[in-house]
Amino acid sequence: MRNFFFLCFLVLPISLFSQQKITNLLGFDSEYNSTDSIKKKKEKVATIDMYRVITLERDTTYIDTSLTIKKLYSYNYLRKDIFGLMPFSNEGQTYNTLQYSLNKFSPLPEFGFKAKHFSFLEANQIRYSSVATPVTELYFKTVMKQGQNVDAFFTLNLTPRLNFSIAYKGLHSEGRYVNQMASTGSFRFTTSYNTKNKRYFANAHFVSYDIMNEENGGITTTEDFESGDPDFINRDRLEVYLTDAKSFLKGKRVFLDHLFRINPTEGNNNLYVNHQFNYENKYFEYNQATVTSTVGSSYVYRFGESYKTSGINDQTHYNKTYNKVGLTYENTILGKFQFFADDFFHNYYYNQILILDIPGSINKKTIPSSISQRINSVGGQYDYRKNKWTGKFGLSRSISNQSLSDLDAKIQYDWNDETQFSFQYQNMNKLPNTNYNLYQSSYVNYNWSNDLKNEKINSIIVNATTPWIEASVQYSTFNDHLYFADISTPEQIALSQQIVNPAQYSGVINYLSVKASKEFTFWKLALDNTILYQKVDQSEAILNVPEFLTRNTLYFSQEMFHKSLFFQTGLTFNYFTNYYANQYNPVVGEFFVQNKKEIGNFANLDFFFNARIQRTRVYLIAEHFNSSFSGNNFYSDPNNPYHDFMIRFGVVWNFFQ
């Protein structure tokens with residue numbers, strides 16, 4: 001770590017004075033070298049539009065090395081803006097979801113264990129590249145106590161039509177509380193190819209994830225934390241429920257999306273054959289060496305009775321194979337019409353069948369060892385792009401025994417480069433995630449086999465982007481909503497036990513969110529504001545969110561050294577109102593609904609100083625600097641405090657060869 005800081009402070013000043021002048025966002029050489037006594041025209045250089053980032057839907061943006069306030073918001077472990085997510089106190093832990101509209105749904109059953117998947121990139125989140133010269137990006141950020149977070153990315157085009165990229169993200173962070181270490185590693189490889197006549201296109205990737213978290217179950221006595229007692233300023237002294245528990249999420253995916261144009265020459269009418277393949281396997285393990293927990297002078301079985309006296313090692317395995325074959329007709333006037341059929345097969349399994357005694361009954365309950373499903377669907381999609389209008393309309397429905405469907409329609413109107421309006425409607429009949437229907441554990445009350453109903457989701461989303469304001473409104477209804485519930489009896493609660501099981505709400509939940517963002521500028525000062533309002537209408541407190549969230553950043557910007565250095569410095573204020581936040585349970589890797597303790601109503605203030613030197617961005621952030629004088633009421637969930645004041649440093653460094 002010391003060597004890394006020494007290298008940064010050595011290299012950055014050298015970079016300031018030795019790098020050539022740059023233009024645009026990428027920092028390419030100007031046409032002439034002004035230091036030459038005789039101006040000589042330099043070789044032709046690449047332009048910004050030759051460094052592209054492409055989504056699976058073939059939407060294109062460009063690599064951007066500028067320093068903006070938006071870049072500060074995405075300078076974190078997830079590498080994206082996390083407004084609406086509440087991080088836990090250690091880097092690489094889970095996040096509590098404050099903004100429910102951030103949740104995305106698929107009609108197909110997923111693995112589950114959603115609290116462990118925040119850093120797990122799904123197939124449609126992988127980005128592909130096309131670059132004129134090799135590009136490298138290095139990300140580094142200090143973490144809590146000992147460790148570091150790094151993310152390295154490299155991409156190049158062997159030919160204008162063949163690109164490769166490779167990336168690795170690694171994290172090791174010890175954390176400030178007992179048994180809180182996070183250690184993760186993820187590897188990504190992508191490739192893109194198209195033939196010279198542009199008749200065949202292919203995108204493929206391979207990803208591998210290994211996510212390990214020590215699990216302490218939260219602090220046992222919140223009064224010790226909230227009291228402000230100097231004895232507990234060292235957070236290692238706060239008692240936690242688990243001192244030797246761990247969870248693991250591992251996964252691999254092989255993905256291919258390609259198409260072939262049937263007609264030899266591209267024209268006004270084209271016919272394509274499409275195919276998408278996705279193979280994925282995942283593995284979740286909860287490991288707890290010592291079953292009993294110590295709370296004060298008492299021994300507690302935190303998750304109830306156990307079949308084992310020590311060495312709990314619950315393992316869940318999952319794999320899926322997905323194939324989608326389609327035929328697309330493209331007309332330059334009418335748009336694209338695609339018809340497809342897909343095949344989804346998944347296997348979710350354990351190594352044994354459990355036969356459980358039911359108290360007070362002569363019957364026994366059988367917990368099967370696996371769930372295997374094959375689901376076949378057919379559907380169509382229409383894409384339209386003409387002048388200022390863009391539209392996408394998709395419909396799919398199962399033709400196998402399972403009942404699922406997905407209707408998704410989106411229209412966008414681009415008034416000009418700065419003003420866009422969009423409207424989206426989605427109607428989904430979704431199969432439950434597999435861990436709702438089956439789970440096996442060494443804990444007696446954490447074994448279930450269910451046959452739950454499909455969730456029915458309806459959403460309307462309206463977005464507006466203008467020079468004056470960015471705003472979005474979402475209204476959703478949820479029928480047969482699935483969630484995890486605390487089913488602990490009063491006797492179990494008195495014993496500090498936490499029993500969680502799946503539940504299904506038979507009523508209707510109505511959810512509304514209104515979000516607005518606006519930046520005000522004056523001279524070299526700017527005030528960036530984002531505010532969110534949420535309202536839930538339900539007869540029981542099932543879907544719980546804070547009513548208001550806000551983030552406000554006041555900052556100053558300045559260029560120095562003949563524009564070789566650009567910096568921003570300021571304050572960020574984060575706040576959300578009190579609400580009954582969901583609580584994290586490590587045994588099932590999920591958040592569950594609780595109605596015993598509210599969190600929120602605390603200010604989180606960060607001071608930052610960020611600088612850009614050529615293609616290097618340097619970040620220095622004093623996070624939550626008000627923690628020592630604003631009261632100890634800051635929580636990520638009812639048993640897990642957010643982190644105290646700390647200073648973090650890091651860089652994002654881009655190289656263009």
Side-chain angles (χ1 to χ4, degrees), residues 100 103-114 117 122-124 276-280 282 316 318-327 338-349 366-382 392-410 424-439 448-461 474-485 501-511 538 540 542-543 590:
Y100 197 77
N103 290 291
K104 305 300 179 184
F105 303 100
S106 167
L108 295 167
E110 300 178 65
F111 181 42
F113 308 96
K114 300 303 289 183
H117 277 75
E122 302 298 336
N124 59 359
Q276 189 177 105
F277 170 79
N278 185 346
Y279 174 77
E280 190 169 270
K282 294 181 180 180
T316 306
Y318 172 86
N319 57 62
K320 76 172 184 183
T321 304
Y322 177 79
N323 278 284
K324 177 181 176 182
V325 179
L327 189 66
Q338 182 185 104
F339 303 94
F340 63 85
D342 64 21
D343 175 78
F344 173 90
F345 175 79
H346 75 133
N347 187 27
Y348 173 100
Y349 61 97
T366 300
I367 307 295
S369 62
S370 65
I371 293 178
S372 297
Q373 289 179 299
R374 181 174 295 278
I375 303 168
N376 298 113
S377 302
V378 295
Q381 181 172 303
Y382 173 60
K392 181 178 290 186
F393 310 89
L395 173 65
S396 65
R397 185 177 294 274
S398 63
I399 56 174
S400 49
N401 294 331
Q402 303 84 358
S403 174
L404 64 88
S405 62
D406 185 17
L407 169 64
D408 194 355
K410 183 177 182 180
Q424 183 177 2
Y425 171 71
Q426 188 171 34
N427 180 298
M428 183 181 294
N429 188 358
K430 171 181 168 46
L431 287 169
N433 288 346
T434 320
N435 65 330
Y436 282 106
N437 278 327
L438 177 63
Y439 190 69
W448 56 77
S449 176
N450 299 316
D451 185 14
L452 298 167
K453 297 178 182 178
N454 284 13
E455 295 181 274
K456 290 85 176 176
I457 303 168
N458 280 277
S459 293
I460 297 174
I461 305 170
Q474 177 172 331
Y475 177 74
S476 301
T477 62
F478 303 93
N479 291 268
D480 297 318
H481 177 67
L482 285 166
Y483 63 101
F484 281 88
N501 267 206
Q504 188 154 38
Y505 180 58
S506 59
V508 178
I509 299 174
N510 297 282
Y511 168 79
Q538 54 192 346
E540 298 179 36
I542 303 300
L543 197 161
E590 296 273 7

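What you see is a predicted model; the values in this text were computed from it and never measured.
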Any donor-acceptor pair under 3.5 Å linking the side chain of [X] with the backbone of [Y]?
X      : Y      : answer
Gln402 : Leu431 : no
Ser400 : Asn376 : yes
Asn458 : Thr477 : no

### Query
If we only count heavy atoms from C-beta on, is the Phe344 to Pro109 side-chain gap below 4.5 Å?
yes
Specify the closest pair of heavy atoms between [X] and [Y], including all atoms of both residues, with the distance to one decimal.
X      : Y      : value
Thr321 : Phe277 : CG2-CE1, 4.0 Å
Pro432 : Asn454 : CD-OD1, 3.8 Å
Asn429 : Lys456 : OD1-CE, 4.1 Å

## Note on the structure
Here the salt bridge (Lys or Arg N to Asp or Glu O under 4.0 Å) pairs for residues 396-410, sequence neighbours left out, are none
### Query
Going through the checks in order, is the side chain to side chain contact (heavy atoms under 4.5 Å, CB included) test met by Gln276 and Phe340?
CA-CA 11 Å; Gln276 189 177 105; Phe340 63 85; over 6 Å; no
Parallel under 30°, tilted from 30 to 60°, perpendicular over 60°: which one fits the rings of [X] and [Y]?
X      : Y      : value
Tyr382 : Phe393 : parallel
Tyr483 : His481 : parallel
Tyr348 : Phe113 : parallel

### Query
Listed by chain and number, what are the salt bridge (Lys or Arg N to Asp or Glu O under 4.0 Å) partners of Lys324, not counting sequence neighbours?
none
### Task
Only counting residues at least two apart or in another chain, list the ones meeting salt bridge (Lys or Arg N to Asp or Glu O under 4.0 Å) with Arg374.
Asp343
